[in-house]
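What follows is a set of notes on a single structure, which appears directly below.
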2 protein chains.
Amino acid sequence: MTHTPLAFRHHNHRLCVRGALDSARTLCNERGARLTPLREQVLELVWQSHKPLGAYQLMDQLATASTRRVAPPTVYRALDFLLEQGLIHRINGLNAYVGCPSPEHRHPSHFLLCRACGVAVEIESAQLNETIMDNAREAGFRLESHSLEVTGLCPDCRSQSDA
Amino acid sequence: MTHTPLAFRHHNHRLCVRGALDSARTLCNERGARLTPLREQVLELVWQSHKPLGAYQLMDQLATASTRRVAPPTVYRALDFLLEQGLIHRINGLNAYVGCPSPEHRHPSHFLLCRACGVAVEIESAQLNETIMDNAREAGFRLESHSLEVTGLCPDCRSQSDA
DNA sequence: CCAAAGATGTTACACTATAACCCTTTCTGT
DNA sequence: ACAGAAAGGGTTATAGTGTAACATCTTTGG
């Protein structure tokens, strides 16, 4: 049985953005973390699509979107905050950042990355987590965090390349 | 049952290096790939320990080891060759490179990374591979490569931090 | 031996990220 | 409300990682 994830399909993306921003506001409120206008704006830009964005791309878009020219440290500090709050993930293989669809609980960073269209989809699998933990335990390793990045073709790009 | 991997224990590291270089020479021969003196020297430097090394660290060590001052492209080209031949892996989370203990067959890059001592140990688990493939398949994704990086404490550093 | 391909050298530069310092805003305890 | 502390953000400069483009040298194969 296959179930194509939302981000790989056409969908009403406004709902993704709205949901992400609502969750972020709620969570930060609960946690006493300050989701400032700048941080919220960066989060919204990250969520403009399901494609991971680089820090310098975000800088450019900030400049475009709000005639606000910011230097790298400003963006990186906002990104650090969002990472700490689990509102975004960093994709190491791309030096890029993408919104987290389930920021309410901490979880490892597991992604499917389409090399053709650039879309990133987060995987949540208890079985996968357990397999990884088993492998760590077997080596006597105390696991603290893990990240998985799977590269390939999403269903859409796959059918196009088959044609 | 736990079995502490070799790289996490004291061991005769000369054997690791010798084995790696022997395998590399054999494989490149079989494949008609040219393991030039420079490439071999870079491979040997990568293998000086089980800790991933950055490209610029390698440059420095090349200069020290052989009074041979090389520019970045030289090191990166050697690294690219070694990556293509599967003789080393890149650890994305560290921007660093580490020797592959089983270069004779292509395989994904799965590592346990000790944040205290820096040692990287490669995992090979059919179960892990299958779980990842299952998750990709379920999403209708055509998997082409994957990399897993697990961060934590190795058995040694773990017992020291418990004390 | 010559031509082509492959490997390395060299210069310059692009991209990613952080250090250090300063000023402003917000929070905290009284 | 106020003073002091803490956090956020602006600014400049620089560190760290990686590549483009072109020149030179070496190996290979006809």
Side-chain angles (χ1 to χ4, degrees), chain A residues 24-25 28-46 51-63 65-85 87-98 118 147 149, chain B residues 24-25 28-46 51-63 65-85 87-98 118 147 149:
Chain A
R25 282 186 277 256
C28 287
N29 239 327
E30 288 172 7
R31 295 171 182 166
R34 290 163 57 188
L35 187 63
T36 62
L38 174 67
R39 289 165 173 175
E40 189 172 324
Q41 197 181 2
V42 170
L43 180 61
E44 188 173 3
L45 285 172
V46 167
K51 305 178 188 179
L53 271 187
Y56 280 70
Q57 287 176 277
L58 284 168
M59 279 181 53
D60 292 344
Q61 307 220 356
L62 266 179
S66 54
T67 330
R68 174 185 207 166
R69 176 75 44 194
V70 300
T74 301
V75 170
Y76 279 105
R77 282 187 292 231
L79 290 171
D80 285 345
F81 171 85
L82 298 171
L83 285 169
E84 276 166 21
Q85 296 300 320
L87 297 169
I88 62 174
H89 292 284
R90 183 175 201 280
I91 308 295
N92 281 328
L94 302 173
N95 295 335
Y97 307 84
V98 72
S147 93
E149 295 178 10
Chain B
R25 281 186 278 258
C28 287
N29 239 327
E30 287 172 9
R31 296 172 182 167
R34 289 163 59 186
L35 187 64
T36 62
L38 174 68
R39 290 165 174 176
E40 188 171 327
Q41 197 182 0
V42 170
L43 181 60
E44 187 172 4
L45 285 172
V46 168
K51 305 177 188 180
L53 272 187
Y56 281 72
Q57 288 176 277
L58 284 167
M59 277 181 57
D60 292 344
Q61 307 219 358
L62 266 178
S66 54
T67 329
R68 173 184 208 169
R69 176 76 42 195
V70 299
T74 301
V75 171
Y76 279 105
R77 282 188 292 232
L79 290 171
D80 286 344
F81 172 85
L82 298 171
L83 285 169
E84 275 165 22
Q85 296 301 320
L87 298 168
I88 62 175
H89 292 283
R90 183 175 201 279
I91 309 294
N92 281 327
L94 301 173
N95 294 336
Y97 306 84
V98 72
S147 93
E149 296 177 11

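Order of the sequence lines fixes the chain letters, A, B, ..., with proteins taken first and strands second; residue numbering starts at 1 for each chain.
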Q: Please check if the side chain of B:Gln85 supplies one atom and the backbone of B:Cys28 the other of a donor-acceptor pair under 3.5 Å.
A: no

Q. Would you say A:Gln41's side chain and A:Leu62's backbone share a donor-acceptor pair under 3.5 angstrom?
A. no

(Q) Between P on D:dT19 and CG on B:Asn95, what's the gap in Å once rounded to a whole number? (A) 11 Å

**Q.** Most 5' of B:Pro73 and A:Ala96 on DNA chain C, judged by nearest nucleotide
**A.** B:Pro73

(Q) Quick check, does A:Tyr76 stack with C:dT18? I mean ring centres under 5.5 Å and planes off by under 30°. (A) no

Q. Which pair of heavy atoms, one from B:Ala55 and one from B:Tyr97, lies closest together, and at what distance?
A. N-CE1, 4.1 Å

Q) OP1, OP2 of C:dT8 versus side-chain N and O of B:Arg68: anything below 4.0 Å? A) no

Q: Rounded off to whole Å, could you give me the CZ-to-P distance for the A:Arg31 and D:dA7 pair?
A: 17 Å

Q: Look at the side chain of A:Arg77 against the base of D:dG10 and say whether a donor-acceptor pair falls under 3.5 Å; ignore hydrogens and angles.
A: yes

Q. For the pair made of CG in A:Leu94 and C1' in D:dT17, what is the distance, rounded to whole Å?
A. 16 Å

Q: Check the distance between D:dA7's C1' and A:Gln85's CD and give it to me in whole angstrom.
A: 14 Å

Q. Between atom CD in A:Glu40 and atom P in D:dG8, what is the gap in whole Å?
A. 15 Å

Q. Which whole-number value in Å describes the distance from A:Asp80 CG to C:dT18 P?
A. 7 Å

Q) Starting at the 5' end of DNA chain D, which residue's closest nucleotide do you reach first, A:Phe81 or B:Gly54? A) A:Phe81

(Q) Under the criterion of centre distance below 5.5 Å and interplanar angle below 30°, is A:Tyr56 classified as stacked on the base of C:dT16? (A) yes

Q | Neighbour count above 12 (heavy atom, 6.0 Å) for B:Glu44 CD | A | no

Q | Proximity to the side chain of A:Ala71 - top-ranked nucleotide from D:dT12, C:dT10, D:dT17 | A | D:dT12

Q. When we call it a touch if two heavy atoms are under 4.0 Å apart, what does B:Arg39 touch: a base, just sugar-phosphate, or nothing?
A. sugar-phosphate

Q.
How many whole angstroms separate atom CE of A:Met59 from atom P of C:dT18?
A. 14 Å

Q: Mind calculating the distance between CG (A:Leu53) and P (C:dC15) to the nearest angstrom?
A: 15 Å

Q.
Take a 6.0 Å sphere around CZ of B:Arg69 and say whether it holds more than 12 heavy atoms from other residues, nucleotides or ligands.
A. no

Q: Please check the phosphate of D:dG9 (OP1 and OP2 only) for any side-chain N or O of A:Thr74 closer than 4.0 Å.
A: no

Q) Where each residue is assigned the nucleotide of DNA chain C containing its nearest heavy atom, which of B:Leu38 and A:Arg34 is assigned the position nearer the 5′ end? A) B:Leu38

